[in-house]
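Okay, so here's the structure we're looking at.
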Amino acid sequence: IGMNGSIYMGHEFNRYHGVNGGIQVNYKRGKVSSFVNADYSRRNNYRDVHTDRFFNINGSAAEMSQDGEWRFKSHNPSVRAGLDYDINDRHSIGFSVRGNYYDGSDDFSMLSNLVTGNNGGQWIDSRNVINREFTRINSNLHYIANIDSTGRKLTIDIDHANMNMDHHSTFDNIYRN
């Protein structure tokens with residue numbers, strides 16, 4: 001008989017706060033071993049973008065300046081659980097199941113100015129938004145036979161996975177001279 005486990009937590013800061021945490025529990029009693037893991041993360045990141053590019057277009061000097069910001073947010077809970085049963089000293093059977101969910105978005109805005117020759121520039125104001133949602137459920141049924149004392153084993157696994165992803169993107173650009 002035995003039980004052990006752990007708990008973890010974390011925090012991040014990049015203009016916005018993000019967190020993560022989880023718990024793991026293992027339990028064994030007689031011929032039965034089991035475990036449960038649960039995790040959660042919330043990411044919330046930010047980046048400033050500034051670039052200046054200088055190049056030549058048909059013999060004329062050109063400059064492109066870009067200023068923007070990128071914001072990324074996501075929520076990601078997951079759970080994993082399993083159970084093993086020792087039939088005897090040489091044979092065991094078990095199963096495990098895992099589920100994930102992911103909900104995230106990117107919001108990237110950029111203001112670009114292209115100046116060539118004597119013109120005042122061409123402005124592009126862009127806003128790009130990407131939303132993603134993902135679910136996954138995996139399961140496994142397994143059998144293990146210890147053939148001899150040298151470590152040779154026969155294993156049989158049956159796995160099943162179900163995944164679904166929704167992805168929506170918009171790219172809006174406004175051009176000005």
Side-chain angles (χ1 to χ4, degrees), residues 1-51 68-110 126-171:
I1 295 177
M3 184 164 132
N4 66 53
S6 62
I7 296 173
Y8 76 91
M9 292 185 295
H11 177 265
E12 64 182 12
F13 181 78
N14 179 9
R15 183 180 265 187
Y16 301 101
H17 295 277
V19 296
N20 61 64
I23 186 168
Q24 175 185 9
V25 177
N26 301 299
Y27 180 73
K28 181 166 177 65
R29 182 173 184 174
K31 295 183 175 199
V32 177
S33 300
S34 60
F35 70 90
V36 174
N37 300 338
D39 298 288
Y40 175 77
S41 67
R42 181 181 54 128
R43 303 286 184 231
N44 207 352
N45 295 317
Y46 175 85
R47 287 190 185 151
D48 279 322
V49 178
H50 179 78
T51 61
E69 61 181 43
W70 173 71
R71 174 117 189 247
F72 166 78
K73 300 181 286 186
S74 72
H75 297 273
N76 187 11
S78 66
V79 175
R80 186 168 177 243
L83 185 123
D84 287 313
Y85 176 74
D86 295 329
I87 299 168
N88 58 38
D89 290 345
R90 295 183 54 197
H91 300 274
S92 66
I93 191 165
F95 75 92
S96 65
V97 65
R98 177 182 179 173
N100 289 65
Y101 175 74
Y102 172 88
D103 182 16
S105 66
D106 290 90
D107 188 344
F108 188 72
S109 299
M110 180 73 75
S126 61
R127 175 135 192 247
N128 308 309
V129 178
I130 302 169
N131 292 306
R132 291 177 296 279
E133 187 175 32
F134 176 77
T135 56
R136 175 177 57 192
I137 298 175
N138 300 8
S139 57
N140 169 271
L141 179 64
H142 54 272
Y143 167 78
I144 299 172
N146 294 308
I147 296 172
D148 58 32
S149 61
T150 64
R152 290 192 309 161
K153 295 181 180 186
L154 169 68
T155 63
I156 299 171
D157 285 274
I158 299 171
D159 296 307
H160 179 265
N162 184 1
M163 293 180 256
N164 184 39
M165 183 169 196
D166 260 339
H167 188 113
H168 301 278
S169 303
T170 59
F171 301 96

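If you're wondering where the values come from, they're calculated on a predicted model, not measured in any experiment. What's counted below: heavy atoms across the whole structure, side chains too, no hydrogens, waters or symmetry copies.
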Query raised in the report: Atom NZ of K31 and atom OH of Y85: how far apart are they, to the nearest 0.5 Å?
Result: 4.5 Å
Query raised in the report: Aromatic rings W70 and F72: how do their planes relate, parallel, tilted or perpendicular, breaks at 30° and 60°?
Result: parallel
**Report entry** Check: Y102 and S74 side chains under 4.5 Å, non-hydrogen atoms
**Finding:** yes
Query raised in the report: Should we count CG of D157 as having more than 12 external heavy atoms under 6.0 Å?
Result: yes
Query raised in the report: Shortest non-hydrogen contact from S109 to R127?
Result: OG-CD, 3.7 Å
Query raised in the report: Do the charged groups of D103 and K73 touch, with an N to O distance under 4.0 Å?
Result: no
Query raised in the report: Does atom CE of M9 have more than 12 heavy-atom neighbours from other groups under 6.0 Å away?
Result: no
Report task. Apply the test side chain to side chain donor-acceptor pair (under 3.5 Å) to residues N45 and R47: give CA-CA distance (whole Å), side-chain angles for both, the deciding distance (0.1 Å), then the verdict. Result -> CA-CA 7 Å; N45 295 317; R47 287 190 185 151; over 6 Å; no
**Report entry** Heavy atoms of other groups near R80 CZ, more than 12 under 6.0 Å
**Finding:** no
Report summary line: Of all heavy-atom pairs linking M163 and R136, the shortest is CG-CG, 3.6 Å
Requested in this report: Look up atom CG in D48 and atom NE2 in H50, then write down how far apart they are to the nearest 0.5 Å.
Outcome: 11.0 Å
Requested in this report: Please lay out, stage by stage, how R15 and N44 fare under the test side chain to side chain donor-acceptor pair (under 3.5 Å).
Outcome: CA-CA 8 Å; R15 183 180 265 187; N44 207 352; over 6 Å; no
Query raised in the report: Closest heavy-atom contact between V36 and A81?
Result: CG2-CB, 4.2 Å
Query raised in the report: Roughly how far, to the nearest 0.5 Å, is CG of N26 from CG of N4?
Result: 4.5 Å
Requested in this report: Decide yes or no for T51 and M110: does some side-chain heavy atom of the first lie under 4.5 Å from some side-chain heavy atom of the second?
Outcome: no
Requested in this report: State, yes or no, whether a side-chain contact exists between L83 and V32 at a heavy-atom distance under 4.5 Å.
Outcome: yes
Query raised in the report: Any side-chain heavy-atom pair from R98 and N140 closer than 4.5 angstrom?
Result: no
Report summary line: In this structure, NZ of K28 is separated from OG of S34 (nearest 0.5 Å) by 10.0 Å
Query raised in the report: Would a distance-only check, ignoring hydrogens and angles, find a side-chain to backbone donor-acceptor pair under 3.5 Å from D107 to V129?
Result: no
Requested in this report: Might you point out which heavy atoms bring N76 and Y101 nearest each other, and give the distance in Å?
Outcome: OD1-O, 2.8 Å
Query - From CD (E133) to NE2 (H168), nearest 0.5 Å - result: 8.0 Å
Query raised in the report: Looking at CG of D86 and OG of S92, how far apart are the two atoms once the value is rounded to the nearest 0.5 Å?
Result: 5.5 Å
Query raised in the report: Is the backbone N or O of Y46 less than 3.5 Å from a side-chain atom of R71, with the two atoms forming a donor-acceptor pair by type?
Result: no
Query raised in the report: Are any of the side-chain heavy atoms of Q24 and D39 separated by less than 4.5 Å?
Result: no
**Report entry** Inter- and intrachain pairs under ring-ring contact (aromatic ring centres under 6.0 Å, His included), touching residues 130-149, at least two apart
**Finding:** H91-Y143
Requested in this report: Taking all heavy atoms of I144 and all of T155, pick out the closest pair and write down the distance.
Outcome: CG1-CG2, 4.1 Å
Query raised in the report: For the side chain of S33 and the backbone of D84, is there at least one donor-acceptor N/O pair under 3.5 Å apart?
Result: no
Report task. With side-chain contact (heavy atoms from CB on, under 4.5 Å) as the test, would you mind laying out the steps for T135 and I137 before giving the verdict? Result -> CA-CA 7 Å; T135 56; I137 298 175; over 6 Å; no
Query raised in the report: Would you say R43 and E12 make side-chain contact, with heavy atoms under 4.5 Å?
Result: yes
Query raised in the report: For H167, does the NE2 atom have more than 12 heavy-atom neighbours from other residues, nucleotides or ligands under 6.0 Å away?
Result: yes
